[in-house]
Engineer: 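Input: one structure, supplied below.
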Amino acid sequence: MISQSIHSESTNKLSHLITIKQITPQLSERLCHRASEFKHFFSTQQHDQYNSILKDKIVNLLFFEPSTRTMCSFQSAVLRLGGHPLTLDIQSSSSVKGESLQDTLRVMEQYGDLTVMRHSKRGVHQEMSSYLTKPLVNAGDGDGEHPTQALLDLFTIKEEQDRVAKKIDFQVQTICLFGDLKYGRTVHSLLRLLYIYFRNQPLKIYLISPEGLRMPQYVIDECVQLGVNHTLVQTEMLTPEIMNELDVIYVTRLQKERFESEEQYLKLKSSFCLKKENLSASRNSHVPIIMHPLPRVDELDEAIDSDERAAYFRQMNNGMFMRMAILEMLLK
Ligand code: NCD
């Protein structure tokens, strides 16, 4: 259960962004709309439409786990909105002297107006939010959640749906989450958001993973409890028949760093890969839209990159615009 304290008084305005469960359909629509406006202003060079939104604001970036896209897209989003990022180098910070996480966060709160944090412990943001008076954003909590990624993924699904619909009669109906669904936090948040956002548009959702890397039952239960009319199918094989049905496939890497042993990882490593040959079973050359939160390791064939269905670099680009929308919502 999410405590009331992480929602502010007015509905549809959050004081922190900790879990995707805080997001309503209306709020996700609003954020996607705003991200799309930012994208348009950016591509038409109307920088004055956004470059003073975070004037005089400082955003703390605390990454206790590695990151390229999430950290740099937040940093870029802050700079483009006219604010200032303040990045703590964890390795040379007082946390290596044994300072507690709540103390580090309380210190950073004195310097900045909002804190973006990634950490290896599931649920840590919820725990820390009670010590803080300024907004906290979850940029990944171990094998828990990644709410800002799910929002940019939804934004990408909507954008890609519009792109394909210009060519053929198209609406997303079948989505597959493929790979490490056990430890992958992006898919935990995304599955929930598919239930929240598409509540009136029934989807068929395939969850395809090796037996030992299935979507945790607690995530599925939470989704099912929302009472939405989606069909959920769990399986271990991406067959040509399934490929033929898919509108979107969301590939994730095996989360090596979260496996109990190297041996277990090596056993599964090569068993999961989306290859160019797999796409020959798709029903036409416009689908499925292929997504990936990146980084990729072995699970997504580079030969797919030049295919127009490969949306993962566009998805990454969308991340900056969605993060601009999120920062604006929390700081204005
Ligand atoms: C993901 C993450 O950190 O959970 N990366 C990202 O934020 N784009 C996915 C991953 O590491 O596999």
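Whatever order the structure lists them in is the order used to number ligands and atoms, beginning at 1. Note that the structure is a prediction, hence the values are computed from the model and not measured.
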Engineer: Identify the residue among K55, R34, R30, R80 that makes a salt bridge (charged side-chain N to carboxylate O under 4.0 Å, His left out) with E328.
Structural biologist: R34
Engineer: Do Y265 and K267 have a side chain donor and acceptor closer than 3.5 Å?
Structural biologist: no
Engineer: Are F198 and H230, when compared by the centres of their aromatic rings, separated by less than 6.0 Å?
Structural biologist: no
Engineer: Under 4.0 Å from a heavy atom of T70: give me the atoms of ligand 1 that qualify, with their elements.
Structural biologist: 6 (C), 7 (O)
Engineer: Give a yes-or-no answer on whether the side chains of S73 and R323 include a donor-acceptor pair shorter than 3.5 Å.
Structural biologist: yes
Engineer: Note the single closest protein heavy atom to atom 4 (O) of ligand 1, along with its residue, its atom name and the distance in Å.
Structural biologist: R185 NE, 2.8 Å
Engineer: Can P293 be said to touch ligand 1, with heavy atoms closer than 4.0 Å?
Structural biologist: yes
Engineer: For L294, counting its heavy atoms only, list the atoms of ligand 1 lying under 4.0 Å from any of them.
Structural biologist: 1 (C), 5 (N), 6 (C), 8 (N), 9 (C)
Engineer: Output yes when the distance from some N or O of ligand 1 to some N or O of P295 is under 3.5 Å, and no in every other case.
Structural biologist: no
Engineer: A side-chain contact here means heavy atoms from C-beta on lying under 4.5 Å apart; do L194 and I157 qualify?
Structural biologist: yes
Engineer: For R253, counting its heavy atoms only, list the atoms of ligand 1 lying under 4.0 Å from any of them.
Structural biologist: 10 (C), 11 (O), 12 (O)
Engineer: Would you mind listing which atoms of ligand 1 come within a distance below 4.0 Å of any non-hydrogen atom of Q149?
Structural biologist: 6 (C), 7 (O), 8 (N)
Engineer: If you measure from each non-hydrogen atom of T186 to ligand 1, which part falls under 4.0 Å: side chain, backbone, both or neither?
Structural biologist: side chain
Engineer: Under 4.0 Å, counting heavy atoms only: does M316 come that close to any atom of ligand 1?
Structural biologist: no
Engineer: Where's the contact between E65 and ligand 1, heavy-atom distance under 4.0 Å: side chain, backbone, both or neither?
Structural biologist: neither
Engineer: Spell out, yes or no, whether L193 and Y250 are grouped together once hydrophobic residues are joined by side-chain heavy atoms under 4.5 Å, including indirect joins.
Structural biologist: yes
Engineer: With a 6.0 Å cut-off on ring centres, are F321 and F38 close enough?
Structural biologist: no
